[in-house]
Amino acid sequence: MEKTYIMLKPDAVKRKVVGNIINRIENKGYNITTIKMFNLDEEILKEHYSHLVDMPFFPELVSFMTSGPVIGMIVEGDDVVQGMRNLMGPTKWVEAMPGTIRGDFANNTTQNLIHGSDSVANAIIEIERFFG
Ligand code: IDP
Ligand code: MG
């Protein structure tokens, strides 16, 4: 069974939409097999977002992602990596259609509620990074 790494960002926790988002994942039929709440630091974010460290918004991204706890999960299902990306909607809130998590809740590109691995290979790396 395919696995992906999902992380509910600090805005999802602060806005109390964690239950709503988890409902969507469960309604889709995916299995949450591991879940934990924890805090990120700049070091792990430089690793996790290594493709973005040189972007002008990176400091804002670190400040946001360390502003409160996140909820990390391993989610399992057939083609779950792409399936979760579909449920999430695209990165930019303005491009995310209603019915997707970002389309329904996000109004800011940095604070877009949820992370999901973008490939099976990255899912394996991210699960190892956050769950060891
Ligand atoms: P993804 O989360 O949809 O995979 P990535 O390009 O991997 O998108 O970017 C990681 C995170 O960095 C995004 O979810 C968002 O929080 C933030 N981000 C990406 N692009 C921008 C941008 O252009 N402006 C502000 N924040 C951004
Ligand atoms: Mg990404």
> Are the ring centres of Phe58 and Tyr49 closer than 6.0 Å?
Replying inline: no
> Heavy-atom distance under 4.5 Å between the side chains of Met37 and Val13, does that happen here?
Replying inline: yes
>> Using the rule given for side-chain hydrogen bond (donor to acceptor under 3.5 Å, both in side chains), can you reason through Asn23 versus Asn27, listing the C-alpha separation, both sets of side-chain angles and the distance that settles it, and then say yes or no?
In response: CA-CA 6 Å; Asn23 266 331; Asn27 287 347; 5.3 Å; no
> If you group Ile, Leu, Val, Met, Phe, Trp and Tyr by side-chain heavy-atom gaps below 4.5 Å, do Leu87 and Ile114 land in one group?
Replying inline: yes
> Thr4 and side chain to side chain contact (heavy atoms under 4.5 Å, CB included): which partner among Met84, Glu76, Gln82?
Replying inline: Met84
>> Quick one, Glu128 and Ile124 - any side-chain contact, counting heavy atoms below 4.5 Å?
In response: no
> Going from NE2 on His51 to CG on Asp54, what distance comes out if it is rounded to the nearest 0.5 angstrom?
Replying inline: 12.0 Å
> Can Arg129 and Glu47 be said to form a side-chain contact (heavy atoms from CB on, under 4.5 Å), step by step?
Replying inline: CA-CA 9 Å; Arg129 173 175 303 136; Glu47 227 181 271; 3.0 Å; yes
> Of the non-hydrogen atoms in Glu95 and Pro90, which two are nearest, and what is the gap between them?
Replying inline: O-CG, 3.4 Å
>> Check the orientation of Tyr5 and Phe130. Use parallel for under 30°, tilted for 30 to 60°, and perpendicular for over 60°.
In response: parallel
>> With salt bridge (charged side-chain N to carboxylate O under 4.0 Å, His left out) as the rule and sequence neighbours excluded, what pairs involving residues 102-114 come up?
In response: Arg24-Asp104
> How about Met73 and Leu8: do any of their side-chain heavy atoms sit closer than 4.5 Å?
Replying inline: yes
> Is there side-chain contact between Leu113 and Val17, with heavy atoms separated by less than 4.5 Å?
Replying inline: yes
> Please walk me through it: do Leu61 and Leu52 pass side-chain contact (heavy atoms from CB on, under 4.5 Å)?
Replying inline: CA-CA 9 Å; Leu61 181 59; Leu52 299 174; 3.9 Å; yes
> Side-chain heavy atoms under 4.5 angstrom apart, residues restricted to Ile, Leu, Val, Met, Phe, Trp, Tyr: same cluster for Met7 and Ile25?
Replying inline: no
>> A quick test of your reading: do over 12 heavy atoms of other residues, nucleotides or ligands sit less than 6.0 Å from CG of Asn108?
In response: yes
>> How about NZ on Lys3, more than 12 heavy atoms from neighbouring residues, nucleotides or ligands closer than 6.0 Å, or not?
In response: no
>> Are more than 12 heavy atoms, taken from residues, nucleotides or ligands other than Lys46, located less than 6.0 Å from that residue's NZ atom?
In response: no
>> For Glu2 and Val81: C-alpha separation, side-chain torsions, deciding distance, then whether side-chain contact (heavy atoms from CB on, under 4.5 Å) applies.
In response: CA-CA 7 Å; Glu2 194 169 287; Val81 170; 3.3 Å; yes
> For the hydrophobic clusters of this structure (ILVMFWY residues joined by side-chain heavy atoms under 4.5 Å, transitively), does one cluster hold both Ile44 and Val53?
Replying inline: yes
> What's the verdict on side-chain contact (heavy atoms from CB on, under 4.5 Å) for Val18 and Ile71, showing C-alpha distance, side-chain angles and the deciding distance?
Replying inline: CA-CA 9 Å; Val18 167; Ile71 295 174; 3.7 Å; yes
> Taking side chain as C-beta onward, heavy atoms only, is Phe131 less than 4.5 Å from Lys36?
Replying inline: yes
> Do Lys14 and Ser67 have side-chain heavy atoms sitting under 4.5 Å apart?
Replying inline: yes
> Is it true that a side-chain atom of Asn112 and a backbone atom of Ala106 form a donor plus acceptor pair closer than 3.5 Å?
Replying inline: no
> Would you say Lys28 has more than 12 foreign heavy atoms packed within less than 6.0 Å of its NZ?
Replying inline: no
> Can you hop from Val120 to Val80 via hydrophobic side chains spaced under 4.5 Å?
Replying inline: no
> Side chains of Met65 and His48: closer than 4.5 Å at any heavy-atom pair?
Replying inline: no
>> Quick check on Asp41: does its CG atom have over 12 non-hydrogen neighbours (other residues, nucleotides or ligands) under 6.0 Å away?
In response: yes
> Is there a path of hydrophobic side-chain contacts, each under 4.5 Å between heavy atoms of I, L, V, M, F, W or Y residues, that connects Leu45 with Phe38?
Replying inline: yes
>> Donor-acceptor check, side chain of Thr100 to backbone of Ala96, threshold 3.5 angstrom: yes or no?
In response: no
>> Tell me which one of Ile22, Ile74, Ile6 satisfies side chain to side chain contact (heavy atoms under 4.5 Å, CB included) with Ile35.
In response: Ile22
> Of the non-hydrogen atoms in Asp11 and Phe64, which two are nearest, and what is the gap between them?
Replying inline: OD1-CZ, 3.3 Å
> What distance do Ser117 atom OG and Ile125 atom CD1 have between them, rounded to the nearest 0.5 Å?
Replying inline: 9.5 Å
> Should Val70 and Leu40 count as side-chain neighbours, where that means a heavy-atom distance under 4.5 Å?
Replying inline: yes
